[in-house]
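Working notes for the structure below.
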Amino acid sequence: MAVPKRKTSKSKKGRRRSHHFVTARVLRSCPKCNSPVPSHTACPTCGTYKGRDVIDVMKKVGKTHTHA
């Protein structure tokens, strides 16, 4: 098993971790209902994507989950 010969300095550690930051998810507004939606995703509120209805939202609302 490899063992480091020297202690990793603060600057070396910082340079390695410089790409570990987290960015906030970018949301755009839906052109139909103006609710915030992630890019390249169908709107969960109205069910449209690129001007077309792709999700039947009313069908999803009517569903009920029963757990035994």
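Only a predicted model underlies this, so the values are computations on that prediction, with no experimental measurement involved.
Partners of Ser18 under the side chain to side chain contact (heavy atoms under 4.5 Å, CB included) rule, at least two apart in sequence or in another chain, do not exist in this structure. Residues passing the side chain to side chain contact (heavy atoms under 4.5 Å, CB included) test with Ser35, sequence neighbours excluded: Cys30, Cys33, Val37, Cys43, Thr45. Judged as a side chain to side chain donor-acceptor pair (under 3.5 Å), and not counting sequence neighbours, Thr41 has no contacts. Ser9 is linked by a side chain to side chain contact (heavy atoms under 4.5 Å, CB included) to Ser11, Lys12, counting only residues two or more places apart in sequence or in another chain. Lys13 pairs by the salt bridge (charged side-chain N to carboxylate O under 4.0 Å, His left out) definition with nothing, not counting sequence neighbours.
Applying the salt bridge (Lys or Arg N to Asp or Glu O under 4.0 Å) rule to pairs touching residues 27-55 yields Lys32-Asp53, sequence neighbours excluded.
Other residues, nucleotides and ligands contribute over 12 non-hydrogen atoms within 6.0 Å of the NE2 atom of His20.
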